[in-house]
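Residue numbers run from 1 in the order of the sequence given. Below, all heavy atoms of this structure are taken into account, side chains as well, without hydrogens, waters or symmetry copies.
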Amino acid sequence: MVTAISPERQGALISYIRETFNMSDTVTAARSEMWRRVEERYRAFINVAETHRLSGNVQYPFDESIVIPYSFALVQAIVSYWFTLFTAQSPLKQVQDAQGGNYRGADLMELLIAHYDRLNDANNLLYGALLDACKYGFGGGKTLWDERWETRPQRVMRPVSLLGMNLGMAEETRKRTVKTFDGPLTTLFDPWLMAFDPRVPLSDFQRGNFVGETLFTSWYNLKEHEQPHGPYEDVDKIPRWGYKDAIAVARQTSRLQVLGLPNYFDAWTTERDRGFVLLEQLWARLVPSDLDLGPGTRPELWLLTLANRSQLIQAEPADLPHNKFPYFAIESSPDMHSMMNPGTMELLMPLQDLLDWMFNSHAENVRKALNDMFVVDAEKIYMSDLLSPAPMKVIRMRPEFYGTDVRTAVQQLQVTDVTKSHLADVQVVFDLMQRSSSALDALMGVPSSRRRTATEAGGTFQLAANRLKVTAQLISSMGLSKWGQQQAALIQAYMTAPQMVQIIGPRKSDEYRGVAEGTVIQVSPEDILGEWNFPVHDGSMPLDPVRMADTWEKVLVAASKIPEIAGQYDLGKIYERGLRALGIRDVAELKKIPQGQSPVHPKVMPDEEVMRGVDRGDLVPLGNGAGSAGGGAGASAPGLPPPG
């Protein structure tokens with residue numbers, strides 16, 4: 001909502017929003033030209049009007065030109081490696097108790113975040129952020145608490161009566177509004193439309209004074225979220241804008257031009273429809289009293305939203321439990337002292353341009369060589385014969401020149417292919433681009449042209465992966481960990497009802513260790529109270545599943561042959577680890593059930609309850625009476641098999 005302020009002060013607030021965005025644009029606008037070229041190279045687009053930034057010559061002067069999508073292939077290989085690296089960890093975000101002892105709470109918070117990640121398509125968001133980082137230098141998203149409602153039909157039973165007599169129950173269908181989502185929602189931001197404080201490095205943007213985001217949305221979407229159903233007001237006062245008005249004040253990408261899409265920003269459906277609306281959302285630390293927003297004299301985090309640069313539709317304190325900007329950002333080549341850093345595509349662009357020129361110039365030279373050029377004495381031959389397009393051509397000499405040397409009448413010019421070495425040089429450029437990006441042949445799935453042993457090939461791949469491993473650790477630290485921290489803070493602050501989640505991956509707590517994957521359990525708000533850490537990914541690629549299963553098989557065989565080891569370890573669990581390494585999750589369903597018994601699940605009981613059960617004689621210690629009477633792990637309830 002917009003805090004009640006005078007029109008004069010509202011004008012000052014609008015000026016404040018504009019000036020803040022302009023401050024950031026002094027830096028980010030300088031990057032837009034390079035980002036435009038990156039977008040064109042990534043999508044193999046030819047801009048015939050593009051000129052070389054140093055010489056001023058046309059970048060693609062050839063009759064036919066192509067962009068060899070090698071930068072695209074390298075970027076895809078790097079992004080695929082990072083994406084596979086992070087998503088191989090299940091769940092995506094690992095949680096640890098800051099004090100080191102609350103394993104149950106860490107398990108439940110981890111499973112709860114994984115639950116919301118599935119609802120939010122977190123893998124798609126991760127891929128988009130990684131791709132943006134490689135293309136533009138940085139990428140990321142925004143996480144806020146969100147509620148969604150839907151109207152659904154519901155069958156209910158109602159009593160039927162006639163003249164006061166109860167005739168029974170009848171079924172009818174009623175529409176009921178239900179809450180379909182209530183949790184942290186993450187959206188991907190567009191680097192083109194972000195405004196970070198240029199006075200601090202992007203890697204430490206939380207120390208800045210503001211973060212702004214430009215958004216394009218429909219007027220109807222704003223109307224739907226107008227008060228009392230949403231945070232916006234005065235939506236009807238938003239002036240109608242067209243595309244030309246928007247691009248006059250907002251930095252635009254070249255995606256529409258590159259993809260050949262039409263301009264759809266000027267379209268609207270009715271006279272009341274304002275079409276597309278340009279929103280400028282600003283999260284800023286400001287002193288409320290300076291802008292007539294309240295009596296506060298200390299900096300506070302506020303959210304301000306300006307529509308079409310003239311109508312303020314939102315001005316309210318940012319109710320965020322972590323009191324930070326709700327964004328996370330990652331960089332593909334971070335420099336902790338720079339406000340912005342180039343992406344992988346930009347670093348490869350000079351080599352990409354050289355590669356395109358070499359290939360296109362060679363193709364142009366071949367095309368010219370295929371078009372025969374002759375020196376002709378028109379007095380000695382019939383020119384109509386020479387110009388005839390017939391495949392079997394006979395060029396007649398004029399009678400007066402019979403018997404003369406025909407080579408003096410027609411002579412083909414010798415064309416030397418000065419670009420014949422370009423194809424060999426292209427391979428050199430390929431190698432340079434691979435070395436610069438760390439995307440060697442092995443990372444791209446291309447077999448090496450040179451015969452190598454398996455050990456040598458594996459070592460080469462490991463050396464290449466080590467460079468990407470370091471960047472992966474930085475991405476995990478500055479992006480995934482911060483993303484998880486924001487989700488955890490929002491969940492602890494706004495979750496009010498128990499939530500059902502599924503068991504995913506190995507669990508650390510005694511209560512959930514060994515529980516079959518996919519089992520649904522309940523998490524209440526009280527279960528996740530505490531302080532949580534999100535460990536940084538070590539950047540190591542997990543072993544191939546087949547190799548992992550082979551390793552577990554060798555461990556199982558070796559342990560079974562040595563009685564001393566077999567007596568200390570559970571061989572059945574070792575075998576199950578091998579099955580899970582092959583991707584077989586439902587191991588419990590494969591086990592035999594003794595005849596006459598039904599499948600049961602272990603029940604873990606508190607130690608105090610176990611001791612009271614033993615005193616009453618309801619529980620019996622395991623191990624022929626040698627077990628501890630009070631050991632929760634060594635006692636079982638009647639009718640239940642022993643734990644483990």
Side-chain angles (χ1 to χ4, degrees), residues 75-98 106-107 109-114 116-118 120-143 184 186-189 191 201-207 322 324-336 338 341 343-344 437-439 443 462 464-491 504-506 508 531-543:
V75 166
Q76 286 291 313
I78 295 173
V79 171
S80 298
Y81 177 83
W82 284 335
F83 182 79
T84 304
L85 180 72
F86 292 127
T87 56
Q89 178 176 272
S90 181
L92 178 63
K93 306 181 187 78
Q94 305 289 305
V95 179
Q96 293 179 349
D97 175 34
D107 273 347
M109 176 60 79
E110 187 173 289
L111 294 174
L112 196 56
I113 291 178
Y116 286 119
D117 279 348
R118 288 195 302 276
N120 204 19
D121 292 331
N123 285 359
N124 291 344
L125 298 173
L126 174 62
Y127 179 85
L130 293 173
L131 183 58
D132 284 342
C134 278
K135 288 170 62 178
Y136 308 116
F138 73 96
K142 173 177 61 179
T143 304
T186 302
T187 55
L188 198 68
F189 66 64
L202 182 60
S203 60
D204 200 16
F205 72 91
Q206 290 288 356
R207 288 198 303 109
H322 45 67
K324 296 179 180 179
F325 301 122
Y327 292 88
F328 68 91
I330 61 176
E331 295 183 276
S332 61
S333 54
D335 181 346
M336 307 309 174
S338 177
N341 297 291
T344 305
S437 63
S438 303
L443 191 66
Q462 185 61 40
N466 281 343
R467 292 174 57 187
L468 296 176
K469 174 181 177 180
V470 173
T471 310
Q473 290 176 336
L474 295 175
I475 289 174
S476 176
S477 175
M478 69 175 62
L480 293 181
S481 295
K482 302 297 187 296
W483 183 6
Q485 290 169 4
Q486 293 174 3
Q487 289 177 300
L490 291 171
I491 290 172
I504 298 177
K508 300 179 253 339
E531 295 293 329
W532 312 112
N533 291 333
F534 291 79
V536 175
H537 198 291
D538 63 4
S540 300
M541 181 67 76
L543 293 178

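- Here the closest non-hydrogen pair linking Ile78 and Cys134 is CG2-SG, 4.1 Å.
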| field | Criterion side-chain contact (heavy atoms from CB on, under 4.5 Å) on Gln76 and Leu131, from CA distance to verdict | value | CA-CA 8 Å; Gln76 286 291 313; Leu131 183 58; 4.1 Å; yes
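- In terms of heavy-atom proximity, Leu188 sits nearest to Gly128 at CD2-CA, 3.8 Å.
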| Going through the distances and angles, do Thr471 and Trp82 end up as a side-chain contact (heavy atoms from CB on, under 4.5 Å)? | CA-CA 9 Å; Thr471 310; Trp82 284 335; 3.5 Å; yes
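- The distance from the CD atom of Gln473 to the CG atom of Leu85 is 9.5 Å, given to the nearest 0.5 Å.
- A search for salt bridge (Lys or Arg N to Asp or Glu O under 4.0 Å) contacts involving Asp107 returns Arg507, Lys508, not counting sequence neighbours.
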Distance-only donor-acceptor pairs under 3.5 Å for side chains of residues 326-333, two or more places apart:
unit_1	atom_1	unit_2	atom_2	d
Tyr327	OH	Glu213	OE1	2.7
Glu331	OE2	Asn341	ND2	2.7
Ser332	OG	Ala133	O	2.8
Ser333	OG	Pro342	O	2.5

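- For the residue pair Lys324/Gln485, the side-chain donor-acceptor check at 3.5 Å is not satisfied.
- The CD atom of Gln486 lies 5.0 Å from the OG1 atom of Thr143; values are rounded to the nearest 0.5 Å.
- In this structure, Asn120 contributes its side chain and Thr186 its backbone to a donor-acceptor pair below 3.5 Å.
- The two atoms that bring Phe189 and Asp132 nearest to each other are O-OD2, 3.7 Å, heavy atoms only.
- Side chain of Ser476 to backbone of Ala472: no donor-acceptor contact under 3.5 angstrom is found.
- Residues Leu474 and Met336 come closest through the heavy atom pair CD2-CE, 4.5 Å.
- Note on ring orientation: taking the six-membered ring where Trp is involved, the planes of His537 and Phe86 are perpendicular (angle over 60°, cut-offs 30° and 60°).
- Residues Ala77 and Ala439 come closest through the heavy atom pair CB-CB, 4.4 Å.
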| task | Check the pair Val95 / Phe534 against side-chain contact (heavy atoms from CB on, under 4.5 Å), numbers first and verdict last. | result | CA-CA 5 Å; Val95 179; Phe534 291 79; 3.6 Å; yes
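- Considering only residues two or more places apart in sequence or on other chains, Thr344 meets the side-chain hydrogen bond (donor to acceptor under 3.5 Å, both in side chains) condition with none of them.
- In this structure, NZ on Lys93 lies 10.5 Å from CD on Glu110, to the nearest 0.5 angstrom.
- When all heavy atoms of Ile504 and Ser90 are compared, the closest pair comes out as CG2-OG, 3.0 Å.
- For the atom pair CG (Leu125) and CH2 (Trp483), the distance works out to 5.0 Å, reported to the nearest 0.5 Å.
- Under the 3.5 Å distance criterion, the side-chain polar atoms of Lys482 are matched with a main-chain donor or acceptor of Ser477.
- Between the CG atom of Leu92 and the OG1 atom of Thr87 there is a distance of 7.5 Å, given to the nearest 0.5 Å.
- Looking only at distances, no side-chain donor or acceptor of Gln96 sits under 3.5 Å from a matching main-chain atom of Ala106.
- From Gln94, atom CD reaches atom CD1 of Ile113 across 10.5 Å, with rounding to the nearest 0.5 Å.
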